[in-house]
A.B. asks: 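Provided herewith is a single structure, encoded as structure tokens, for subsequent inquiry.
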Protein chains: 2
Amino acid sequence: MLTERQLLILQVIIDDFIQNAQPVGSRAISKKDEVSFSSATIRNEMADLEEMGFLQKTHSSSGRIPSEKGYRFYVDHLMAPFRLSKQELEKIKNTFQEHLMEYEKVVQKSAEVLSDLTNYTSIILGPEVYETRLKQLQIIPLSSHSAVAILVTNTGHVQHRSFSIPVDIDSSDLETTVNILNERLNGVPLVQLNEKMQTEIIDLLRKHTKNFRNAYEYIRAALMDDQPVKLYVGGKTNIMNQPEFKDIDKIRSLFSVIEEENQIAPILRKNADGIKVSIGHENELEAMRDCSLITATYSLGDEQVGTIALLGPTRMEYSKVISLLNVLSGQMNKTFQSWYETK
Amino acid sequence: MLTERQLLILQVIIDDFIQNAQPVGSRAISKKDEVSFSSATIRNEMADLEEMGFLQKTHSSSGRIPSEKGYRFYVDHLMAPFRLSKQELEKIKNTFQEHLMEYEKVVQKSAEVLSDLTNYTSIILGPEVYETRLKQLQIIPLSSHSAVAILVTNTGHVQHRSFSIPVDIDSSDLETTVNILNERLNGVPLVQLNEKMQTEIIDLLRKHTKNFRNAYEYIRAALMDDQPVKLYVGGKTNIMNQPEFKDIDKIRSLFSVIEEENQIAPILRKNADGIKVSIGHENELEAMRDCSLITATYSLGDEQVGTIALLGPTRMEYSKVISLLNVLSGQMNKTFQSWYETK
DNA sequence: ATTTAGCACTCGTCTCACTTGAGTGCTAAC
DNA sequence: GTTAGCACTCAAGTGAGACGAGTGCTAAAT
């Protein structure tokens with residue numbers, strides 16, 4: 001167990017290091033107001049803390065820096081709650097002021113605000129589109145041999161796909177198909193769409209259209225194989241501001257992670273409610289081994305959940321970031337709830 | 001005027017430097033097969049070429065590197081045409097094989113292929129959406145107090161906007177308005193939409209709807225103030241592979257340029273037909289002062305024009321890039337023409 | 001009149017020894 | 001238990017020397 005004094009010293013060291021990114025020496029600590037014992041005493045305590053794995057040295061005669069275990073302890077037990085400034089709260093509020101009624105835009109703006117207020121990189125994962133429900137399906141002909149299929153969900157999400165119409169498809173068949181689909185599939189979650197089509201609609205279509213298989217397949221293909229996991233990223237270049245990332249190779253590998261949706265998306269997706277902090281090697285991805293990722297969730301309406309995350313060095317302002325994510329996800333929830341209340 | 005020998009030497013130097021990114025010395029040149037004179041002779045010629053401004057030294061006793069004037073001369077007069085390899089041509093073709101009928105996707109793929117084949121960063125500016133013509137307008141209600149407005153163009157481009165419906169708007173008014181707009185505005189270029197609405201449609205609307213001003217304003221606002229200059233970027237991290245960009249500050253400022261659509265878009269937009277090469281300080285933007293930007297145009301249907309560009313260091317494989325852009329823009333033209341032929 | 005060989009000179013880069021300073025660990029005194 | 005004192009460590013900075021790639025110039029060769 002740690003003594004009071006050790007707790008204090010650990011906290012001071014981590015706070016200082018988060019601020020200055022420099023190893024913290026015993027003399028520097030002894031000068032702080034909240035510390036009243038001599039540097040020698042502190043040295044002894046630091047040696048103990050190091051032995052316990054909370055601190056480490058960059059070289060044998062350097063000051064201490066927090067280890068990942070140290071950060072973990074800090075986040076779990078030590079960290080003082082952060083009071084966001086008036087301006088910061090104001091900035092967040094403003095994001096939700098202009099009420100454009102599209103979650104895409106709100107999310108994009110949120111990502112920008114987050115990265116702006118933190119100097120880290122924000123990543124927001126859009127909500128699971130497949131949990132949303134079909135509102136309307138439409139085929140709009142563009143020319144004699146092409147058309148665009150549009151799918152609208154209850155959240156106002158629009159998904160579309162152009163396709164060319166083979167000669168053996170009758171345009172009235174297409175129309176009939178769409179009508180039937182609209183009638184029968186309204187309110188069905190996108191994720192069940194395929195299944196429902198296969199089981200319930202096919203017979204109906206067979207009855208009412210000449211060449212049902214073709215028209216049906218075309219509409220299905222046009223709308224189904226999209227993979228709409230949208231990622232919104234803000235402040236990509238902020239990564240480069242952090243002194244721990246002055247190495248180009250590190251930046252490059254981090255960028256690859258951020259740009260590749262299928263690398264980062266599953267990691268963000270699998271978070272339960274609340275705020276989760278992943279420090280250094282707690283992250284799955286090799287490229288993030290000296291980063292911390294802090295995630296929170298938000299929900300759109302009743303069912304669909306998205307994730308907000310901030311990516312920074314392990315030397316992160318955990319306290320501030322967590323406060324920010326709390327406030328922001330709360331705002332998002334409130335806003336979206338008011339749009340999509342299902343009562 | 002330059003002598004034959006000077007031309008040869010200049011070409012050899014630039015070719016070599018483009019390959020190796022190292023200052024080229026007289027001895028290295030004299031060893032090349034196509035060069036038959038001694039290093040001393042070459043030194044003399046190099047001194048002359050430097051005096052004329054085509055070459056420069058990194059320090060007083062270093063080999064020569066091309067100046068911007070040197071690159072300019074190379075591009076205009078010296079450069080040997082590049083023969084693309086079978087595999088490269090194959091890769092480009094494959095991009096257009098799977099015929100997804102959406103220019104957005106084709107353009108995105110093209111950007112990826114370009115950056116992939118060059119190790120530079122590709123930037124493609126989407127076509128001027130406003131030159132496309134309105135195909136259909138739709139309002140799809142989401143709930144009692146919200147709806148999504150969808151606009152489809154003749155190119156299959158879909159633009160949408162959710163909005164909340166104020167209580168004083170009658171839903172039948174909305175419907176009537178949309179019907180009238182569709183009837184009257186089909187085929188009108190988006191850029192004229194606003195004007196046409198103001199002049200021709202307003203009277204009609206006044207006649208047929210109770211509270212025309214509101215419904216009309218809402219639809220207008222919902223669809224108009226989007227700014228759909230889409231930028232497709234491929235191979236962002238390629239920038240970091242170039243040895244001239246091992247400085248983080250340079251990378252950061254370049255990234256800012258690439259990410260900020262309104263910085264780079266106007267520059268790309270203002271290109272005439274054909275291929276244009278901007279070397280170093282010929283670029284307007286400060287951040288691009290040691291880059292070259294090579295742009296080409298493509299057209300979608302008959303009127304709308306977009307731009308493909310490659311961004312790399314001034315030490316760029318001009319010859320290869322120009323060949324690639326030629327082939328790719330040709331392919332894009334061909335593909336899009338077949339989709340949107342207006343006969 | 002060119003072209004070339006030869007040589008002195010320049011400058012960046014690498015290495016090595018040396019210094020400095022921040023910081024530690026340990027011991028002995030308080 | 002706490003602190004002062006001191007020897008020790010190591011990173012980072014500095015300056016001298018060696019090296020090598022490359023130049024410019026001059027004088028000889030073609």
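The chains referred to below are lettered A, B, ... by the order of the sequence lines, with proteins before strands, and numbering in each begins at 1. This is a predicted model, so every value here is computed, not measured.
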A.B. asks: Has the side chain of R27(B) got a donor or acceptor that lies under 3.5 Å from a partner of the other kind on the base of dG22(D)?
C.D. replies: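 Check fails, no donor-acceptor contact within cut-off.
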A.B. asks: Rounding to a whole Å, what distance do you find between Q22(B):CD and dG20(D):P?
C.D. replies: 17 Å
A.B. asks: Hydrogens and angles aside, do Y71(A) and S292(A) bring a side-chain donor and acceptor to less than 3.5 Å of each other?
C.D. replies: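 Distance-only check fails for Y71(A) and S292(A).
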A.B. asks: Counting N and O atoms only, with roles assigned by atom type, does the side chain of T41(B) sit under 3.5 Å from a partner on the main chain of F37(B), one being a donor and the other an acceptor?
C.D. replies: no
A.B. asks: Check whether any side-chain N or O of S26(A) sits under 4.0 Å from OP1 or OP2 of dG23(C), and answer yes or no.
C.D. replies: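 So the side chain of S26(A) is outside the cut-off, no N or O lying under 4.0 Å from OP1 or OP2 of dG23(C).
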A.B. asks: Grab the CD1-C1' distance between I42(A) and dA22(C) for me, whole Å please.
C.D. replies: 15 Å
A.B. asks: Quick one: is K57(A) getting a side-chain N or O under 4.0 Å of the dG25(C) phosphate, OP1 or OP2?
C.D. replies: yes
A.B. asks: To the nearest angstrom, how far is Q56(B) atom CD from dG22(D) atom P?
C.D. replies: 17 Å
A.B. asks: Here's a test for you: under side chain to side chain contact (heavy atoms under 4.5 Å, CB included), which of T121(B), L254(B), T314(B), I279(B) qualifies with C291(B)?
C.D. replies: L254(B)
A.B. asks: Please confirm whether the shortest side-chain N or O distance from T41(A) to OP1 or OP2 of dT3(D) is below 4.0 Å.
C.D. replies: yes
A.B. asks: Nearest-Å distance, CG (N44(A)) to C1' (dA28(C))?
C.D. replies: 13 Å
A.B. asks: Between H59(B) (NE2) and dT10(C) (P), how many Å, whole number?
C.D. replies: 14 Å
A.B. asks: So, is R5(A) near the phosphate of dT2(D), with a side-chain N or O under 4.0 Å from OP1 or OP2?
C.D. replies: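 So the side-chain polar atoms of R5(A) do come within 4.0 Å of the phosphate oxygens OP1 or OP2 of dT2(D), strictly under.
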A.B. asks: OP1 or OP2 of dC11(C) versus the side-chain N and O atoms of S60(B): is any pair under 4.0 Å?
C.D. replies: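 Checking S60(B) against dC11(C): at least one side-chain N or O falls below 4.0 Å of OP1 or OP2.
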A.B. asks: Using heavy-atom distances to pick each residue's nearest nucleotide on DNA chain D, tell me which of G63(B) and A40(B) is more 5'.
C.D. replies: G63(B)
A.B. asks: Between P on dA7(D) and CZ on R43(A), what's the gap in Å once rounded to a whole number?
C.D. replies: 15 Å
A.B. asks: Would you say a side-chain N or O of R64(A) is under 4.0 Å from OP1 or OP2 of dT24(C)?
C.D. replies: yes
A.B. asks: How far does CD1 of I294(B) sit from CE of M316(B), to the nearest 0.5 angstrom?
C.D. replies: 4.5 Å
A.B. asks: Would you say the side-chain atoms of S67(B) pair up with the backbone N or O of G53(B), donor to acceptor, closer than 3.5 Å?
C.D. replies: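 Answer holds: yes.
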A.B. asks: Can you find a donor-acceptor N/O pair under 3.5 angstrom joining the side chain of S61(A) to the base of dT9(D)?
C.D. replies: yes
A.B. asks: Could you state the atom-to-atom distance from CE of M46(B) to P of dG22(D) in whole Å?
C.D. replies: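 Distance check: M46(B) CE to dG22(D) P gives 9 Å.
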A.B. asks: For N20(A) and dG23(C), what is the distance between atoms CG and P respectively, to the nearest whole Å?
C.D. replies: 12 Å
A.B. asks: For dT3(D) and S38(A) - does any side-chain N or O of the residue sit under 4.0 Å from the phosphate oxygens OP1/OP2?
C.D. replies: yes
